[in-house]
Student: 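I am attaching a structure below and will ask some questions about it afterwards.
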Amino acid sequence: TSPLAWLRTRFYYLLIRLYFDQEFSIEEFTRGAKQAFSVVSKLLSQRKLDLLEELVSAEVLQVLKEKISLLPDNHRDALAADIDAIMYTTEGDVRIYYDDDGIKFVSILMRFWYLNGANLPDEVPGETKVFQIVFGDESTKEKKHLLTANYEFQREFTEGAKPDWTITRIEHPRLLE
């Protein structure tokens with residue numbers, strides 16, 4: 001990320017700590033976001049959308065139900081990300097906003113890069129084949145793809161609201177479109 005974007009996100013984290021949650025830690029949030037990403041991506045891959053109701057907003061869940069049913073099996077398999085296969089994570093956009101009724105929200109967009117061994121064609125645009133890992137002898141090769149995903153997490157900070165983060169956007173470019 002650019003230095004200006006990095007400074008901007010750090011400023012927003014400071015505002016979150018000062019005005020919304022004094023114990024907020026981006027490191028702890030990132031650990032939780034990685035775990036949520038892994039769980040949600042596996043449930044998407046397995047078409048267990050009913051188990052996502054507590055984790056994903058109703059609007060996103062409705063869109064996912066439509067998209068998942070149309071996916072070929074290899075694209076569906078490529079959605080799954082084991083937590084140990086997440087190679088890199090970074091924060092994207094951080095927003096603090098109030099709606100017309102005075103309800104306070106914070107949203108944080110997280111970007112994930114993960115390895116997946118799904119049988120994807122080599123010409124899938126937007127993804128990068130980075131490894132052919134050799135286990136054992138030269139005749140046994142396992143091809144891995146480096147894939148990306150963007151998940152936006154939102155939490156309401158209005159007094160009396162549940163202290164849970166909800167996923168309000170899920171993007172797996174070139175897989176879930």
Side-chain angles (χ1 to χ4, degrees), residues 1 5 9 25-95 105-155 162 164-177:
T1 60
T9 57
S25 157
I26 189 56
E27 293 81 14
E28 186 177 321
F29 175 84
T30 300
R31 275 193 298 278
K34 285 172 74 171
Q35 184 176 15
F37 165 62
S38 179
V39 168
V40 168
S41 68
K42 287 177 188 175
L43 291 173
L44 286 173
S45 176
Q46 299 165 1
R47 293 186 178 155
K48 295 182 179 179
L49 302 179
D50 54 324
L51 298 177
L52 295 176
E53 289 181 10
E54 295 294 317
L55 302 170
V56 176
S57 72
E59 297 84 11
V60 170
L61 192 55
Q62 185 59 40
V63 170
L64 289 172
K65 286 179 181 179
E66 296 168 11
K67 289 182 176 184
I68 292 291
S69 66
L70 303 174
L71 279 183
D73 287 344
N74 61 340
H75 282 213
R76 195 171 37 83
D77 293 342
L79 296 175
D82 288 325
I83 198 156
D84 295 335
I86 300 171
M87 299 286 96
Y88 184 70
T89 304
T90 187
E91 312 91 37
D93 196 24
V94 179
R95 288 182 269 143
F105 292 97
V106 170
S107 73
I108 301 174
L109 178 67
M110 297 295 293
R111 295 189 171 109
F112 303 96
W113 285 263
Y114 63 102
L115 289 176
N116 183 288
N119 186 21
L120 294 173
D122 290 337
E123 64 273 358
V124 172
E127 66 88 26
T128 308
K129 179 178 56 181
V130 290
F131 293 116
Q132 279 196 348
I133 302 171
V134 178
F135 292 105
D137 60 16
E138 192 64 32
S139 65
T140 309
K141 289 186 180 180
E142 183 181 352
K143 184 170 39 173
K144 295 278 187 176
H145 298 272
L146 182 64
L147 302 169
T148 62
N150 301 314
Y151 280 46
E152 183 176 62
F153 296 84
Q154 185 179 83
R155 180 176 166 195
K162 290 176 24 179
D164 298 332
W165 289 91
T166 302
I167 299 170
T168 55
R169 181 170 45 160
I170 294 178
E171 297 172 343
H172 285 262
R174 310 292 186 244
L175 295 174
L176 191 60
E177 293 184 342

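Bear in mind the structure is a predicted one, so any value in this text is a computation, not a measurement.
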Student: Are any of the side-chain heavy atoms of T90 and T30 separated by less than 4.5 Å?
Tutor: no
Student: Tell me the closest heavy-atom pair linking A33 and F112, and the distance in Å.
Tutor: O-CZ, 3.7 Å
Student: For residues 165-172, dump all side-chain donor-acceptor pairs below 3.5 Å to protein atoms at least two apart in sequence or in another chain.
Tutor:
from, atom 1, to, atom 2, distance (Å)
T168, OG1, E152, OE1, 3.0
R169, NH1, E171, OE2, 3.4
E171, OE1, N150, ND2, 3.1
H172, ND1, Y114, OH, 3.3
H172, NE2, Y151, OH, 2.9

Student: How long is the gap from OG on S41 to CD on Q46, to the nearest 0.5 Å?
Tutor: 9.0 Å
Student: Could you list the residues that satisfy salt bridge (Lys or Arg N to Asp or Glu O under 4.0 Å) with D164, not counting sequence neighbours?
Tutor: K162
Student: Find the distance between CZ (R174) and NE2 (H75) and round it off to the nearest 0.5 Å.
Tutor: 11.0 Å
Student: Locate the shortest heavy-atom distance separating R76 from L44; write the atom from each residue and the value.
Tutor: CG-O, 4.0 Å
Student: Rounded to the nearest 0.5 Å, how far apart are CG of L146 and CG of L115?
Tutor: 5.5 Å
Student: Locate the shortest heavy-atom distance separating G92 from T9; write the atom from each residue and the value.
Tutor: O-CG2, 3.6 Å
Student: If I compare all heavy atoms of L109 with all of R111, which pair ends up nearest, and what's the gap?
Tutor: CD2-NH2, 3.7 Å
Student: Between A81 and S38, what is the shortest heavy-atom contact and its length?
Tutor: O-OG, 2.7 Å
Student: Please, which pairs that meet salt bridge (Lys or Arg N to Asp or Glu O under 4.0 Å) have at least one residue in residues 31-44, sequence neighbours excluded?
Tutor: K42-D82
Student: So, the side chain of N74 versus the backbone of A118: is there a donor-acceptor pair under 3.5 Å, distance only?
Tutor: no
Student: Output the distance between atom CG (L61) and atom CD (E54), rounded to the nearest 0.5 Å.
Tutor: 11.0 Å
Student: Above 12 or not: heavy atoms from other molecules or residues under 6.0 Å from CG of N119?
Tutor: no
Student: Restricting to non-hydrogen atoms, name the atom on I86 and the atom on T89 that form the minimum distance, rounded to 0.1 Å.
Tutor: CG2-OG1, 3.4 Å
Student: Checking N116 side chain against L79 main chain: does a donor-acceptor pair fall under 3.5 Å?
Tutor: no
